[in-house]
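Written below as structure tokens is the structure these notes are about.
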There are 2 protein chains.
Amino acid sequence: MQLVPALNAPPDVYLANCPCRSVLDLLADKWSALALGALVDGPLRFGEVKRRLEGISPKVLTAVLRRLEEHGLVDRTVYPAVPLHVEYALTELGRDANAPLDALRRWVEANIERFP
Amino acid sequence: MQLVPALNAPPDVYLANCPCRSVLDLLADKWSALALGALVDGPLRFGEVKRRLEGISPKVLTAVLRRLEEHGLVDRTVYPAVPLHVEYALTELGRDANAPLDALRRWVEANIERFP
DNA sequence: CTGCATGGTATCCGAAGGGAACCAACTTCC
DNA sequence: GGAAGTTGGTTCCCTTCGGATACCATGCAG
């Protein structure tokens, strides 16, 4: 057995070019954090997500969900019925990503009184 | 002892008007999350923070630090020497807020390979 | 024919993000 | 006496993003 010198640096969100940076940019976002949390109890339709994320506009919600889908955190399924039925569900990666975000949401709720 | 009906609803980040929402907006932000993490090992000067947060522009860094200061997460101390010396330090609230953000940063670094 | 529900687009606007240049004050070097 | 360096920003400009509002296609109910 032989020790091999590290060929690639370990991932570091503080480095501008690390892929971590773009993932942090995706997750460290108000609407993404809320959307992942909304989907954790099961798939939701577009309108249901919109109602849970009080105050989001449909345009921004579309963008957020599409971005989460692109990065493999959310699955989008279309049921071609009338009226149109579209479901958004967390992937396994999405469920895992939700854990630290859930901690953040809970910390905020638990400590809101401490803020000036 | 008497049970008092809840006068105010419990804090809920999913409600548009809850103060939690604006705090989440503050913390669920790429640069804020990185800045708090940079300061956790002790106070840093403006230039030091800027070097750690690779890629941030001075304008945005000023805005981020001011915002964190406004919300009581960071203290800004000016030492009127030449050259000017300004230090940014976490408050206790800032240190506590950093905990869930640290978990998020670590999760991203640990799971970056799973992203498509 | 009118209205309603769904899952979005289209449009417009102001705010925010990012790059580059610049600045004031004082020290040190030449 | 100048020129350059250091620090902590600010200013300008331009592009992008976020948010509000309006609108659309499809088909069903009444």
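Throughout, a chain's letter reflects where its sequence line sits, starting with A, and its residues are numbered from 1. Values below: all heavy atoms of this structure, side chains included; hydrogens, waters and symmetry mates excluded.
- For the helix from C:dC1-D:dG30 to C:dC30-D:dG1, the terminal axes (five pairs an end, C1' atoms, rotation from four pairs onto the next four) enclose an angle of 20°, given to 10 degrees.
- The backbone N or O of B:V13 sits less than 3.5 Å from a side-chain atom of A:E109, completing a donor-acceptor pair.
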Please assess A:V86 against A:Y79 for the test side-chain contact (heavy atoms from CB on, under 4.5 Å), listing each intermediate value before the final yes or no. CA-CA 6 Å; A:V86 179; A:Y79 298 92; over 6 Å; no

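- For the residue pair B:V40 and B:L90, the shortest heavy atom distance occurs at CA-CD1, 3.8 Å.
- Residues in residues 54-64 of chain B take part in no side-chain hydrogen bond (donor to acceptor under 3.5 Å, both in side chains) pair, two or more places apart or across chains.
- Here the C1' atom of nucleotide D:dA20 and the CG atom of A:L61 are 15 Å apart, to the nearest Å.
- Every residue two or more places apart in sequence or in another chain that forms a salt bridge (charged side-chain N to carboxylate O under 4.0 Å, His left out) with A:R106 is listed here: A:D102.
- Taking the salt bridge (charged side-chain N to carboxylate O under 4.0 Å, His left out) definition, one finds that B:D25 meets it with A:K30, sequence neighbours left out.
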Take A:L27 and A:L73, measure what side-chain contact (heavy atoms from CB on, under 4.5 Å) needs, and give me the verdict at the end. CA-CA 10 Å; A:L27 296 180; A:L73 296 158; 3.9 Å; yes

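- For B:D96, the salt bridge (charged side-chain N to carboxylate O under 4.0 Å, His left out) test picks out A:R114, with sequence neighbours left out.
- Residues satisfying the side-chain hydrogen bond (donor to acceptor under 3.5 Å, both in side chains) criterion with B:D29, sequence neighbours excluded, are B:S32.
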Hey, what are the protein-to-nucleotides 24-30 of chain D N/O distances that come in under 3.5 Å?
none

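- Residues satisfying the salt bridge (charged side-chain N to carboxylate O under 4.0 Å, His left out) test with A:R45, not counting sequence neighbours, are none.
- Within the structure, the salt bridge (charged side-chain N to carboxylate O under 4.0 Å, His left out) test picks out no pair touching residues 77-95 of chain B (sequence neighbours left out).
- Residues of residues 23-36 of chain A that place a heavy atom closer than 4.0 Å to DNA chain D, in numerical order, are A:K30, A:W31.
- A sub-4.0 Å separation between OP1 or OP2 of D:dT10 and a side-chain N or O of B:R66 is present.
- Counting 5' to 3', DNA chain C first comes under 4.0 angstrom of a heavy atom of chain B and last does so at the ends given by C:dG17 to C:dT27.
- Side-chain heavy atoms closer than 4.5 Å link hydrophobic residues (I, L, V, M, F, W, Y) into clusters, and following such links, even through other members, never connects A:L34 to B:L15.
- At the heavy-atom level, A:Y79 lies nowhere under 4.0 Å from the strands shown.
- Here the closest non-hydrogen pair linking B:R105 and B:A33 is NH1-O, 2.7 Å.
- Taken residue by residue, residues 43-60 of chain A places heavy atoms nearer than 4.0 Å to DNA chain C at A:R45, A:F46, A:G47, A:P58, A:K59.
- Summarising the geometry of A:V64 relative to A:A35, their closest heavy-atom pair is CG1-CB, 4.3 Å, with the distance given to 0.1 Å.
- The nearest pair of heavy atoms linking A:V78 to A:P80 is O-CD, 3.6 Å.
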